[in-house]
Structure formats: C-alpha cells, structure tokens
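This report refers to the structure that appears directly beneath it.
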Amino acid sequence: MIFRPFRTFLAICALAQFQVCIAILSNRTVDDFNGDLITGFLPLYEPQNAWNTDGNCTSCSVKPDPTQALDHTWHDSSQRAGDSPSSVTLQFTGTAIYLFCIVPADDATNLVNLTFTLDGTFTGAYTHTPIGSKDISYLVPVLATGGFNNTPHTLVARTASPSLFIFDYAMYT
Ligand SMILES: *[C@@H]1O[C@H](CO)[C@@H](O)[C@H](O)[C@H]1NC(C)=O
Ligand SMILES: *[C@@H]1O[C@H](CO)[C@@H](O)[C@H](O)[C@H]1NC(C)=O
Ligand SMILES: *[C@@H]1O[C@H](CO)[C@@H](O)[C@H](O)[C@H]1NC(C)=O
C-alpha cells in the first residue's frame with residue numbers, strides 16, 4: 001500500500017517516456033497547398049507570380065494526373081532563361097526533411113534542376129534530364145537530408161538554372 005503512489009509515478013513516467021519516443025520518431029507532412037496541418041505553416045512561393053497551382057496553367061505542356069499527387073494538389077513553376085529562380089521556402093522544427101516532386105520525362109524543354117539550402121547552407125541538389133518520353137513520375141524523392149538538431153530550420157528549394165519545378169509535398173521528422 002505504502003508504495004502505491006511511487007508505482008503510479010513510475011507508470012506515468014513510463015508513459016511520458018513512451019510518448020517522447022513516439023514524438024521523436026514521427027514524420028509530419030507539409031502539403032504544397034494545405035501546408036503543415038499541425039503548425040499551420042504554409043509554404044512560401046517566390047516569385048509569387050511565377051507559380052501555378054493544380055494544373056490551372058493553360059499554357060503548360062506538362063499535365064500531371066491530380067489523383068496521383070498527395071491531396072490531389074501541386075504547385076508548379078518554370079524558370080525560363082533570364083528569369084529569377086523559382087523557390088519554395090519551408091519552415092519546420094525537426095531533425096530530417098524529405099521533399100517530393102512530380103517529375104516529367106517529357107521533351108527536351110523539361111529539365112528539372114534544383115538546389116537546396118538548409119539555414120542558408122547548401123544541403124543537396126537534384127537534376128533530372130528529360131529522356132523524351134511522355135511519362136510523368138509522381139512522389140519522386142528529390143531531397144532526403146537529416147541529422148540536424150531538433151530546432152527550427154528553414155529549407156529553401158530553388159531552381160538552379162532554367163528548369164521546371166513541380167512541388168507536391170515535404171515530410172519532416
Ligand atoms: C520519414 O519519411 C521518410 C521518407 O519517406 C522515411 O525515409 C523515414 O524512414 C521516415 N521516418 C520515420 C521516423 O518514419
Ligand atoms: C490558379 O488557382 C489558384 C488557386 O486556386 C489561383 O490563386 C490562381 O489565380 C489560379 N491561376 C489561374 C491562371 O487561373
Ligand atoms: C543545373 O544548374 C547548375 C547550376 O546553375 C548548372 O551548373 C548545371 O549545368 C545545370 N544542369 C543542367 C543539366 O543544365
């Protein structure tokens with residue numbers, strides 16, 4: 001009887017530890033359109049007028065299938081020669097981040113050439129040279145990077161040269 005409060009304390013402690021473990025190991029999604037449902041953060045697209053959403057771009061030659069995109073949404077931008085780079089900025093608190101894009105294999109104009117910075121430091125690049133087919137790949141992991149402190153971070157994904165950029169979603173740990 002005398003030990004009951006102590007046992008209760010231990011039980012609460014174990015439960016707290018368990019929840020901490022789950023929190024450390026979980027992934028959160030940041031959709032291109034709905035953003036981060038937990039923090040409410042919405043991705044920032046720049047320059048704003050260089051981005052289209054959900055295929056309402058009538059002049060775009062690449063027409064993805066909405067049912068194959070997360071939440072049936074994406075944002076797309078084409079940086080042409082002489083344009084400034086198109087970028088997506090994400091803010092999150094976590095130890096790893098993953099970005100998923102829609103990548104066309106289409107004709108020679110659809111190079112995808114992206115570069116990534118975390119807190120202002122280069123953290124990766126992704127290049128896909130078109131192979132002249134009509135295929136479109138979905139949920140393509142263009143960046144997977146981690147091992148950083150569980151503190152607030154800013155990830156910027158931008159076109160590295162004239163390039164197509166179709167952002168579907170991100171995930172962070
Ligand atoms: C988070 O998602 C990435 C990408 O799908 C995966 O590689 C990783 O194992 C996931 N991490 C956890 C903790 O589920
Ligand atoms: C595309 O849809 C977005 C969001 O619904 C809207 O803000 C934008 O003006 C639309 N663009 C065009 C070209 O219709
Ligand atoms: C991608 O961008 C980098 C940086 O601007 C450039 O050096 C490289 O040539 C580009 N890749 C292609 C295939 O054009």
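What you are looking at is a predicted structure, and each value in this text was computed from that prediction instead of being measured. Whatever order the structure lists ligands and atoms in, that order sets their numbers, starting from 1.
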Parallel, tilted or perpendicular, as decided by the 30° and 60° cut-offs, for the rings of Phe148 and His153: perpendicular

Plane angle bin for Phe165 and Trp51 - parallel if under 30°, tilted between 30 and 60°, otherwise perpendicular: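 Correct class here is perpendicular.
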
Reference residue His75; test side chain to side chain donor-acceptor pair (under 3.5 Å); the match among Thr53, Asp168, Asn52, Asp32: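 Among Thr53, Asp168, Asn52, Asp32, the one meeting side chain to side chain donor-acceptor pair (under 3.5 Å) with His75 is Asp32.
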
Contacting atoms of ligand 1, where contact means under 4.0 angstrom from a heavy atom of Asn27: 1 (C), 2 (O), 3 (C), 8 (C), 10 (C), 11 (N), 12 (C), 14 (O)

Test of proximity, Ser26 against ligand 1: N or O pairs below 3.5 Å: no

Exercise check, heavy-atom protein proximity under 4.0 Å to atom 14 (O) of ligand 3: yes

Sub-4.0 Å protein heavy atom next to atom 2 (O) of ligand 3: yes

Geometric N/O contact Leu111 with ligand 3, under 3.5 angstrom: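 Among all N and O atoms of Leu111, none is under 3.5 Å from an N or O of ligand 3.
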
Contact (N/O only, under 3.5 Å) between Asn113 and ligand 3: yes

Ile97 and Phe92, any side-chain heavy atoms less than 4.5 Å apart: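 Heavy-atom side-chain distance check passes, below 4.5 Å.
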
Heavy-atom check, side chain of Tyr126 versus side chain of Val140, under 4.5 Å: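 Yes, side chains in contact.
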
Protein heavy atom at shortest distance from atom 5 (O) of ligand 3: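 It is Ala160 O, 2.7 Å.
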
The single option from Val30, Val88, Leu90 passing side-chain contact (heavy atoms from CB on, under 4.5 Å) against Leu99: Leu90

